[in-house]
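All residue numbers in this chain count up from 1 along the given sequence.
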Amino acid sequence: MRIDVITLFPGFIENCAKVGVVGRARERGLVEIATWNPRDFATDNYRSADDRCYGGGPGVVMMIDPLRKALANVRQASGSAAGKAIYLSPQGARLDQAKVEALAQRDHLILLCGRYEGVDERFIEHAVEEEISIGDYVLSGGELAAAILIDAVGRLQDGVLHDAESAQQDSFSDGLLDCPHYTRPERHEWGVVPAVLTSGDHAAIARWRQKQALGRTWLRRPDLLDRLALDKKQRALLDEFRREHEHKPSDESSGE
């Protein structure tokens with residue numbers, strides 16, 4: 001996969017793309033990431049890429065032509081016009097795992113990072129194919145959102161993760177939150193690892209993990225369950241979790 005990022009702060013993207021899973025994927029040639037600064041395509045001595053808003057008001061807006069030239073150079077460098085141009089914007093559709101998985105299937109993404117009051121609407125109308133938001137809040141710019149999208153999409157590329165099943169077991173991959181996870185030591189002053197996880201019974205472990213995923217989703221994100229069509233087995237596991245949760249000792253019984 002190739003990901004091009006149009007940004008006024010290329011150093012931010014470059015630094016994020018050096019570490020962790022994406023950094024390793026980049027080193028191995030599984031993900032290619034390039035950055036493009038609109039100021040490099042400005043025509044004045046000040047390398048202007050933004051100007052004041054028409055109609056007045058505070059702030060400035062990113063200009064059409066530096067962005068247009070940057071985009072043209074991206075397509076020329078990639079050798080393809082098929083790259084999907086995405087504007088990271090709080091006005092876009094909310095990013096979720098289903099969207100991440102769809103984008104991960106593409107060969108080329110072009111991410112536009114806005115700054116200040118945003119981007120000239122005419123550029124969005126003519127050059128952007130989709131607007132994506134990472135949440136209902138406003139950031140100083142689109143770079144953080146782009147870094148999040150790069151990480152989410154990059155880790156799904158073939159060969160990036162050491163264990164291919166790791167991505168399949170993530171939260172949201174099947175519409176549910178992930179189950180709890182534990183590691184050494186088995187016994188600690190803060191608690192003991194559930195016995196089923198040390199039993200060696202793989203069927204029982206799988207059943208426990210599915211029940212915990214269903215139960216955790218019910219407790220923390222019941223809205224996700226509303227979107228799912230649970231089968232008979234899943235409904236039985238969820239009912240079992242609910243009963244156990246209802247009979248779980250309260251803090252009062254422990255004298256706290």
Side-chain angles (χ1 to χ4, degrees), residues 20-22 24-25 30 90 92-106 132-137 144-145 147-256:
V21 171
V22 172
R24 294 194 297 271
L30 300 175
R94 181 83 67 87
L95 182 66
D96 59 17
Q97 190 64 22
K99 171 58 69 175
V100 168
E101 291 173 0
L103 292 175
Q105 300 300 313
R106 302 185 70 96
I132 290 179
S133 168
I134 60 168
D136 296 339
Y137 47 86
L144 274 170
I148 288 172
L149 182 55
I150 290 170
D151 187 277
V153 170
R155 66 192 301 278
L156 295 184
Q157 300 305 302
D158 289 340
V160 170
L161 299 178
H162 294 305
D163 187 343
E165 291 186 3
S166 179
Q168 298 172 9
Q169 296 176 0
D170 287 339
S171 290
F172 307 112
S173 59
D174 59 358
L176 300 172
L177 299 184
D178 199 4
C179 65
H181 296 280
Y182 301 85
T183 188
R184 292 183 178 87
E186 181 180 342
R187 294 184 176 275
H188 189 275
E189 60 182 311
W190 283 3
V192 180
V193 174
V196 65
L197 297 180
T198 61
S199 68
D201 186 335
H202 297 294
I205 292 171
R207 184 181 187 279
W208 181 89
R209 286 175 169 165
Q210 173 80 148
K211 182 172 71 173
Q212 297 302 314
L214 286 160
R216 179 166 284 191
T217 305
W218 170 66
L219 288 172
R220 302 183 182 185
R221 290 291 304 276
D223 58 298
L224 295 178
L225 287 179
D226 294 338
R227 307 175 195 173
L228 298 176
L230 301 181
D231 59 28
K232 185 177 180 180
K233 180 180 178 181
Q234 288 175 316
R235 290 195 298 272
L237 286 174
L238 181 55
D239 288 341
E240 183 179 315
F241 181 94
R242 286 170 170 161
R243 289 194 298 271
E244 292 173 356
H245 181 74
E246 290 172 358
H247 293 90
K248 191 174 182 181
S250 65
D251 290 342
E252 293 180 359
S253 64
S254 63
E256 295 181 3

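- When side chains are defined from C-beta on, V160 does not count as touching V22, because their heavy atoms never get closer than 4.5 Å.
- The ring pair (Phe, Tyr, Trp, His ring centres under 6.0 Å) test applied to W218 returns H245, not counting sequence neighbours.
- For Q212, there are no side chain to side chain donor-acceptor pair (under 3.5 Å) partners at least two apart in sequence or on another chain.
- The structure places CG of L156 at 6.0 Å from CD of Q97, a figure rounded to the nearest 0.5 Å.
- Residues R155 and V21 come closest through the heavy atom pair CB-CG1, 4.0 Å.
- Considering OG1 of T217 and CG of L176, their distance stands at 4.5 Å, rounded to 0.5 Å.
- Of all non-hydrogen atoms in C179 and A213, the two that sit nearest each other are CB-N, 4.1 Å.
- Side-chain contact between L214 and K211 is absent, with no heavy-atom pair separated by less than 4.5 Å.
- By the side chain to side chain donor-acceptor pair (under 3.5 Å) test, R94 is found to be paired with D136, residues two or more places apart in sequence or in another chain being considered.
- In this structure, CG on L103 lies 12.0 Å from CD1 on I150, to the nearest 0.5 angstrom.
- Nearest approach of Q234 to A229, heavy atoms of both residues: OE1-O, 4.4 Å.
- Separation of atoms CZ (R243) and CG (L238) is listed at 10.0 Å; rounding is to 0.5 Å.
- Looking at every heavy atom in both residues, E101 comes nearest to Q105 through O-CG, 3.3 Å.
- A heavy-atom distance below 4.5 Å is not found between the side chains of R184 and V193.
- Interatomic distance, L144 CG to I134 CD1, rounded to the nearest 0.5 Å: 7.0 Å.
- Using a 4.0 Å cut-off between charged side-chain N and carboxylate O, R242 and D239 make a salt bridge.
- Among residues at least two apart or in separate chains, salt bridge (charged side-chain N to carboxylate O under 4.0 Å, His left out) pairs with a member in residues 222-238 are R221-D223, D223-R227.
- With sequence neighbours left out, Q157 forms a side chain to side chain donor-acceptor pair (under 3.5 Å) with no residue at all.
- Minimum interatomic distance between S133 and G92 (heavy atoms only, all atoms of both residues): CB-O, 3.6 Å.
- Counting only residues at least two apart or on different chains, the side-chain hydrogen bond (donor to acceptor under 3.5 Å, both in side chains) pairs with a member in residues 198-207 are R207-E240.
- Nearest heavy-atom pair, P194 versus W208, reported as atom, atom and distance to 0.1 Å: CG-CZ2, 3.8 Å.
- Rounding to the nearest 0.5 angstrom, the gap separating the CG atom in D158 from the CG atom in L30 is 8.5 Å.
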